[in-house]
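First the structure, in the form of structure tokens, and then the observations on it.
Convention: sequence-line order gives letters A, B, ...; per-chain numbering from 1.
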2 protein chains.
Amino acid sequence: MSILVVGSVAYDTVETPFGRAERVLGGSASFFSVAASFFSPVNLVGVVGRDFGDEQLAAFRDRPIDLEGLERMEGETFHWQGKYSLDLNSRDTICTDLNVFEFFQPKIPTRYRGSEVVFLGNIDPVLQRRVLEQVERPRIVACDTMNFWIHGKPDELRKTLEKVQILLVNDQEARELSGEWNLVKAAAAIRAMGPRTVVVKKGEHGVLMFDDAGCFAAPALPLETVFDPTGAGDTFAGGFLGYLASTGQEGDAALRRAVIVGSTLASFCVEAFSLDRLVTLSRPEIDERYRAFERLTRFESL
Amino acid sequence: MSILVVGSVAYDTVETPFGRAERVLGGSASFFSVAASFFSPVNLVGVVGRDFGDEQLAAFRDRPIDLEGLERMEGETFHWQGKYSLDLNSRDTICTDLNVFEFFQPKIPTRYRGSEVVFLGNIDPVLQRRVLEQVERPRIVACDTMNFWIHGKPDELRKTLEKVQILLVNDQEARELSGEWNLVKAAAAIRAMGPRTVVVKKGEHGVLMFDDAGCFAAPALPLETVFDPTGAGDTFAGGFLGYLASTGQEGDAALRRAVIVGSTLASFCVEAFSLDRLVTLSRPEIDERYRAFERLTRFESL
């Protein structure tokens with residue numbers, strides 16, 4: 001099944017304790033699309049400025065990523081600059097220049113409208129619903145959001161969530177969206193808003209997924225070196241939905257495998273700046289690391 | 001195999017958002033012993049004051065817990081008072097009255113000296129070694145410690161660690177002991193100090209175990225209500241070592257099952273104040289919750 005993703009394509013300037021990357025490819029739709037493309041064809045909808053050239057598109061080339069929906073507008077591309085703490089567990093945003101992204105009105109090309117899976121990246125919930133109005137009958141609608149919308153447009157976000165089957169958020173967002181500190185209660189409250197499946201990303205502490213069958217806990221892969229965490233959450237989402245779309249299944253067992261595939265892709269993402277590791281990744285490497293997650297978590301019955 | 005545990009037996013006064021418990025049974029050796037006693041006989045070494053009566057001993061009664069080593073000294077019993085934050089993720093110590101525990105010199109009764117498994121609770125590393133001098137030829141020596149000793153007696157702690165096979169610490173202690181923020185590096189550094197197996201407890205984020213076979217990650221059970229986290233780490237240690245002693249095995253597969261048994265016991269501990277939930281616990285309840293951990297973590301191969 002093909003996946004429609006709507007989100008940001010950006011320039012990132014990132015400082016970590018290990019170095020600095022200047023105006024490299026970033027944005028939620030970029031990480032998502034490359035991760036998902038290992039499993040399913042991707043239809044990308046986003047916007048860039050005139051300063052975004054062919055060189056930046058190299059990461060998408062030779063992959064099943066359709067770029068007809070990547071609009072090019074007058075102006076400059078979205079630019080985010082951030083600096084990570086020594087332990088990589090927190091980051092300061094130094095600047096967020098929305099540029100052309102501020103005026104983004106997602107237009108879905110005709111040939112994208114039959115996409116069976118839709119991923120609504122972290123944009124205005126009003127725009128998220130406008131995307132859904134332009135697609136035909138997707139089998140799965142998944143969605144990301146952030147504190148900016150949780151607090152800024154709570155009612156619009158609620159209306160969007162009613163149309164969503166899978167919500168992917170981090171633990172802090174789950175708490176703020178639900179008003180519950182406890183993640184079990186938070187997930188139950190969010191599921192009552194619409195999404196049958198809530199995937200709570202906890203960074204280095206892994207993922208909790210809540211669905212009709214109960215709860216699934218997956219660790220993050222303990223890595224000796226985390227180089228740059230930027231994009232790990234979007235890469236997780238790409239691996240998760242890319243795999244799910246490839247199976248055609250929607251049950252708990254497929255969702256669990258999708259969580260591990262997402263975690264696998266995310267564990268590669270953080271090994272280098274930008275999409276540098278993802279673009280050199282091979283399917284055998286993905287399969288091998290998926291097996292590493294099996295070895296990491298297996299235990300026998302009593 | 002029988003387990004020798006040396007640690008504190010205390011009165012706890014605990015305030016959580018759900019209520020307050022005044023001078024209830026606490027201390028590392030108390031939680032450890034009751035948890036371990038579901039699987040193996042326990043020989044307890046500790047000290048209490050004249051204010052510690054038969055009523056307090058009720059939690060140990062009718063269990064395979066030998067109390068010959070529980071010394072009664074002139075003076076008052078160790079008393080700890082703490083108050084948890086609203087989210088239960090942090091706590092302030094309001095008072096630590098060591099009382100008789102300040103003068104604790106562990107004396108190992110003759111009939112304890114053949115114990116095959118030894119758990120050195122969080123006491124002065126000099127005393128921990130003195131305990132080891134009084135036992136014959138234990139198959140497994142496990143050890144806990146804390147920041148107070150990591151910073152206060154680093155050289156003595158290193159000498160103790162050379163004699164230890166399994167170290168159980170929380171993530172912050174692992175970082176401070178090793179000087180490494182990254183837990184993979186921290187565990188490698190600690191393993192180089194002596195313990196072949198390092199169990200890193202991360203509270204609500206579960207456990208990472210590092211041994212000869214690699215790394216094992218176990219989640220904590222996502223609970224809707226955590227009533228009082230006091231003693232969860234010691235309860236984990238008790239379940240872990242109690243189970244391990246009962247199997248007579250020391251390999252990776254047994255260690256992994258032991259981590260899940262420890263996590264299982266800890267998930268019950270936090271459901272009530274003090275040892276209130278542990279003392280009503282039955283073996284079928286433990287088995288059923290172990291299976292809940294299986295359901296929580298299982299996923300299929302790709």
Side-chain angles (χ1 to χ4, degrees), chain A residues 17 85-89 171 175 180-185 187-188 200 202-210 213-226 243 247 252-261 263-264 283 286-287 290-302, chain B residues 17 85-89 171 175 180-185 187-188 200 202-210 213-226 243 247 252-261 263-264 283 286-287 290-302:
Chain A
S85 62
L86 276 176
D87 59 28
L88 293 170
N89 271 0
D171 43 358
R175 289 178 171 128
E180 295 280 358
W181 175 270
N182 178 287
L183 290 178
V184 179
K185 289 183 185 169
V200 181
K202 304 193 297 167
E204 63 165 327
H205 299 302
V207 169
L208 290 177
M209 178 178 71
F210 300 85
C215 180
F216 174 56
L221 196 73
L223 292 168
E224 197 159 333
T225 306
V226 174
Y243 173 75
T247 65
D252 179 61
L255 286 164
R256 286 173 179 238
R257 291 192 306 269
V259 165
I260 300 299
V261 170
S263 303
T264 296
R283 181 62 199 254
I286 294 172
D287 292 342
Y290 187 100
R291 288 191 292 271
F293 273 91
E294 296 185 289
R295 291 191 296 275
L296 177 66
T297 57
R298 287 287 181 264
F299 60 90
E300 298 162 353
S301 296
L302 264 191
Chain B
S85 62
L86 276 176
D87 58 30
L88 292 171
N89 270 359
D171 44 358
R175 289 179 170 127
E180 296 280 358
W181 176 269
N182 178 286
L183 290 177
V184 179
K185 290 182 184 168
V200 181
K202 304 194 298 168
E204 62 165 328
H205 299 301
V207 169
L208 289 177
M209 179 179 70
F210 299 85
C215 180
F216 174 55
L221 196 72
L223 293 168
E224 196 159 336
T225 307
V226 174
Y243 173 74
T247 64
D252 178 62
L255 286 164
R256 286 174 180 237
R257 291 193 305 270
V259 165
I260 301 299
V261 170
S263 304
T264 296
R283 180 62 199 252
I286 294 172
D287 292 343
Y290 187 100
R291 289 191 291 272
F293 274 90
E294 297 186 288
R295 291 190 296 274
L296 177 66
T297 57
R298 287 287 181 261
F299 59 92
E300 299 162 353
S301 296
L302 264 192

* Begin with the C-alpha distance, continue with both residues' side-chain angles, and end with the deciding distance and a verdict on side chain to side chain contact (heavy atoms under 4.5 Å, CB included) for A:Asn182 and A:Arg175. => CA-CA 7 Å; A:Asn182 178 287; A:Arg175 289 178 171 128; over 6 Å; no
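Between A:Asp287 and A:Arg291, none of the side-chain N atoms (NZ, or NE/NH1/NH2) sits under 4.0 Å from a carboxylate O, so this pair counts as no salt bridge.
For the set B:Arg257, B:Arg295, B:Lys202, the entry with the most heavy-atom pairs within less than 4.5 Å of chain A is B:Arg257. With respect to chain A, the highest number of heavy-atom pairs below 4.5 Å among B:Glu204, B:Glu294, B:Lys185 belongs to B:Glu294.
Heavy-atom distances place the side chain of B:Val261, and not its backbone, under 4.5 Å from chain A. In this structure, chain A has heavy atoms under 4.5 Å from both the backbone and the side chain of B:Asp87. In this structure, the portions of B:Ala217 lying under 4.5 Å from any heavy atom of chain A include both its backbone and its side chain. In this structure, chain A has a heavy atom under 4.5 Å from the backbone of B:Leu223, while its side chain stays farther away. Of the two parts of B:Tyr243, only the side chain, counted from C-beta on, holds a non-hydrogen atom closer than 4.5 Å to a non-hydrogen atom of chain A. Neither the backbone nor the side chain of B:Leu183 comes within contact range of chain A; no heavy atom of the residue lies under 4.5 Å from a heavy atom of that chain. Only the side chain of B:Leu208 comes within contact range of chain A, judged by heavy atoms closer than 4.5 Å. Contacts between A:Leu302 and chain B at a heavy-atom distance below 4.5 Å involve backbone atoms as well as side-chain atoms. Proximity to chain A (any heavy atom under 4.5 Å) is shown, for B:Ser301, by both the backbone and the side chain.
The minimum heavy-atom distance linking A:Pro219 with A:Phe293 is given by the pair O-CE2, 3.3 Å. Nearest heavy atom pair, residue A:Val200 against residue A:Phe210, reads CG2-CE1, 4.2 Å. Nearest approach of B:Phe216 to B:Arg256, heavy atoms of both residues: CD1-NH1, 3.4 Å. Of all non-hydrogen atoms in A:Leu86 and A:Pro17, the two that sit nearest each other are O-CG, 3.4 Å.
Here OH of A:Tyr290 is found 13.5 Å from CG of A:Leu221. Values are rounded to the nearest 0.5 Å.
At a threshold of 4.5 Å between non-hydrogen side-chain atoms, the residues A:Met209 and A:Leu255 count as touching.
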